[in-house]
Colleague: 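Dumping the structure here so I can ask a few things about it.
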Amino acid sequence: MANKPEEFPKFTQLDPATINKLMEKIPIYLQNIHSILGINSPSEILVDQEALYEIITRVEMRHVYFHIYHPIEMGELNEGALICFWILKLIPFKHDSISTGLLNAKIAQTLFIKMLIYVAAKTNRKVNLKRELLKNTFYAFRYRDLSKEAIMALAEGLLY
């Protein structure tokens with residue numbers, strides 16, 4: 001059993017198939033982002049590809065962490081929460097007429113809600129989407145210093 005740092009392999013660069021698999025999920029969750037933001041088209045949003053690659057890499061690193069330290073897989077709920085966390089930290093999205101912080105908080109919240117709805121439907125659960133809760137979640141995404149674990153716990157707590 002590996003229990004010393006030198007007994008674990010080093011994390012290596014991701015293969016293109018893994019990157020593409022994760023890259024495909026983000027646009028699905030953000031299909032209607034232009035209407036939420038009040039812009040004409042999602043193509044108006046500029047994406048820092050390097051930051052997006054960093055997000056994907058960090059999510060995959062967390063998969064490894066879960067494999068080593070937790071008896072369960074990370075799962076789509078935690079994966080989505082982590083993507084939101086890294087969007088808030090690395091701010092990969094930009095737009096000419098929307099402040100970067102506001103834009104990324106709205107994108108993270110939209111992705112968060114869509115991910116909750118997707119996981120709820122897939123697991124035959126419901127999601128708490130009360131207006132006040134959504135308002136508070138956006139405020140937390142925009143102004144609070146949330147940890148990865150806090151966003152994961154929030155996601156799990158909104159499903160019933």
Side-chain angles (χ1 to χ4, degrees), residues 8-70 72-123 127 129 134 137-156 158-159:
F8 290 92
K10 296 279 186 200
F11 190 86
T12 58
Q13 190 172 19
L14 296 175
D15 63 283
T18 302
I19 294 168
N20 289 337
K21 181 181 161 194
L22 281 169
M23 289 285 272
E24 289 171 0
K25 290 182 180 185
I26 295 172
I28 292 168
Y29 289 136
L30 298 175
Q31 285 176 343
N32 65 337
I33 193 66
H34 64 287
S35 61
I36 291 167
L37 296 171
I39 60 176
N40 294 325
S41 166
S43 64
E44 292 179 34
I45 300 170
L46 303 174
V47 181
D48 179 343
Q49 293 297 322
E50 192 173 310
L52 207 51
Y53 176 78
E54 181 74 16
I55 289 169
I56 290 167
T57 300
R58 292 196 170 274
V59 169
E60 282 305 300
M61 285 177 172
R62 196 61 169 202
H63 276 284
V64 173
Y65 172 87
F66 261 74
H67 176 75
I68 294 169
Y69 295 107
H70 296 280
I72 57 170
E73 285 188 27
M74 187 167 82
E76 290 176 309
L77 190 65
N78 287 334
E79 183 179 287
L82 280 173
I83 292 169
C84 294
F85 172 83
W86 288 113
I87 288 171
L88 295 169
K89 289 293 180 193
L90 299 178
I91 52 173
F93 302 105
K94 304 206 180 338
H95 190 275
D96 290 339
S97 64
I98 304 170
S99 81
T100 304
L102 178 65
L103 174 69
N104 283 275
K106 283 188 176 189
I107 288 173
Q109 185 185 36
T110 300
L111 191 139
F112 187 75
I113 292 165
K114 296 285 187 173
M115 176 267 307
L116 288 171
I117 292 168
Y118 172 79
V119 171
K122 190 174 177 179
T123 59
V127 60
L129 293 175
L134 294 175
T137 302
F138 178 74
Y139 184 87
F141 276 14
R142 180 80 168 107
Y143 299 108
R144 303 253 188 238
D145 186 21
L146 298 172
S147 69
K148 293 179 274 307
E149 293 77 11
I151 297 175
M152 287 185 219
L154 177 62
E156 185 62 42
L158 294 175
L159 293 178

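Note that these values count all heavy atoms, side chains included, but never hydrogens, waters or copies made by symmetry.
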Colleague: When rounded to the nearest 0.5 angstrom, what distance separates CD1 in I36 from OG1 in T110?
Modeller: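 That separation rounds to 3.5 Å.
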Colleague: So which heavy atom on R142 is nearest to which on S99, and how close?
Modeller: NH2-OG, 4.0 Å
Colleague: Does the side chain of F66 come within less than 4.5 Å of E73's, by heavy atoms?
Modeller: no
Colleague: Rounded to the nearest 0.5 Å, how far apart are OH of Y118 and OG1 of T123?
Modeller: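 Atom-to-atom, Y118:OH and T123:OG1 are 10.0 Å apart.
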Colleague: Provide the closest heavy-atom pair for L90 versus E54 in the form atom of the first, atom of the second, distance.
Modeller: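 Closest approach of L90 to E54: CD1-CG, 3.5 Å.
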Colleague: Quick check: closest heavy atoms across I56 and I19, and the distance to 0.1 Å?
Modeller: CD1-O, 4.1 Å
Colleague: Looking only at heavy atoms, which two atoms of A155 and M115 are closest? And how far apart?
Modeller: CB-CE, 4.4 Å
Colleague: Would a 4.5 Å heavy-atom cut-off, applied to side chains only, mark F141 and I87 as touching?
Modeller: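 The answer is no; the side chains never approach within 4.5 Å.
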Colleague: Could you walk me through whether H70 and Y65 pass side-chain contact (heavy atoms from CB on, under 4.5 Å), step by step?
Modeller: CA-CA 8 Å; H70 296 280; Y65 172 87; 3.5 Å; yes
Colleague: Rounded to the nearest 0.5 Å, how far does CG of L134 lie from CG of L158?
Modeller: 8.5 Å
Colleague: Contact between F93 and V47 at the side-chain level, heavy atoms closer than 4.5 Å - yes or no?
Modeller: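 Yes, their side chains come closer than 4.5 Å.
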Colleague: Short question: side chain of D48, backbone of A51 - any donor-acceptor pair under 3.5 Å?
Modeller: yes
Colleague: Any non-hydrogen side-chain atom of L88 less than 4.5 Å from a side-chain atom of I151?
Modeller: yes
Colleague: Side-chain contact test, heavy atoms from C-beta onward, threshold under 4.5 Å: evaluate it for L37 versus K106 and give yes or no.
Modeller: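 Result yes, sub-4.5 Å side-chain heavy-atom pair found.
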Colleague: I'd like to check I45 versus I39 (side-chain heavy atoms, cut-off strictly below 4.5 Å). Are they in contact?
Modeller: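 Result yes, sub-4.5 Å side-chain heavy-atom pair found.
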Colleague: For P92 and L52, work out which heavy atoms get closest and say how close.
Modeller: CB-N, 4.3 Å
Colleague: What is the distance from atom CD of Q109 to atom CD1 of I33, rounded to the nearest 0.5 Å?
Modeller: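 Result: 9.5 Å between the selected atoms.
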Colleague: Should the pair R62-E149 be classified as a salt bridge under the 4.0 Å nitrogen-to-oxygen rule?
Modeller: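 E149 and R62: salt-bridged.
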Colleague: Answer yes or no: is there a side-chain heavy-atom contact under 4.5 Å between P42 and L30?
Modeller: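 Result no, sub-4.5 Å side-chain heavy-atom pair not found.
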Colleague: On a heavy-atom basis, which atom in C84 and which in L111 lie closest, and how many Å separate them?
Modeller: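 Looking at all heavy atoms of both residues, the shortest contact is SG-CD2, 3.5 Å.
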Colleague: Rounded to the nearest 0.5 Å, how far apart are CZ of F138 and OH of Y143?
Modeller: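 Rounded to the nearest 0.5 Å, the CZ-OH separation comes to 6.5 Å.
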Colleague: Any chance you could lay out the side-chain contact (heavy atoms from CB on, under 4.5 Å) test for K89 and K148, step after step, and finish with the verdict?
Modeller: CA-CA 10 Å; K89 289 293 180 193; K148 293 179 274 307; over 6 Å; no
Colleague: So do the side chains of E60 and F11 get within less than 4.5 Å of each other, counting heavy atoms only?
Modeller: yes
Colleague: Before you tell me yes or no, could you show the steps for V64 and F8 under side-chain contact (heavy atoms from CB on, under 4.5 Å), namely the whole-Å CA-CA distance, both residues' side-chain angles and the distance that decides it to 0.1 Å?
Modeller: CA-CA 11 Å; V64 173; F8 290 92; over 6 Å; no
Colleague: First locate atom CG of L82, then atom NE2 of H63, and finally report the distance between them rounded to the nearest 0.5 Å.
Modeller: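 Nearest 0.5 Å value for the CG-NE2 distance: 8.0 Å.
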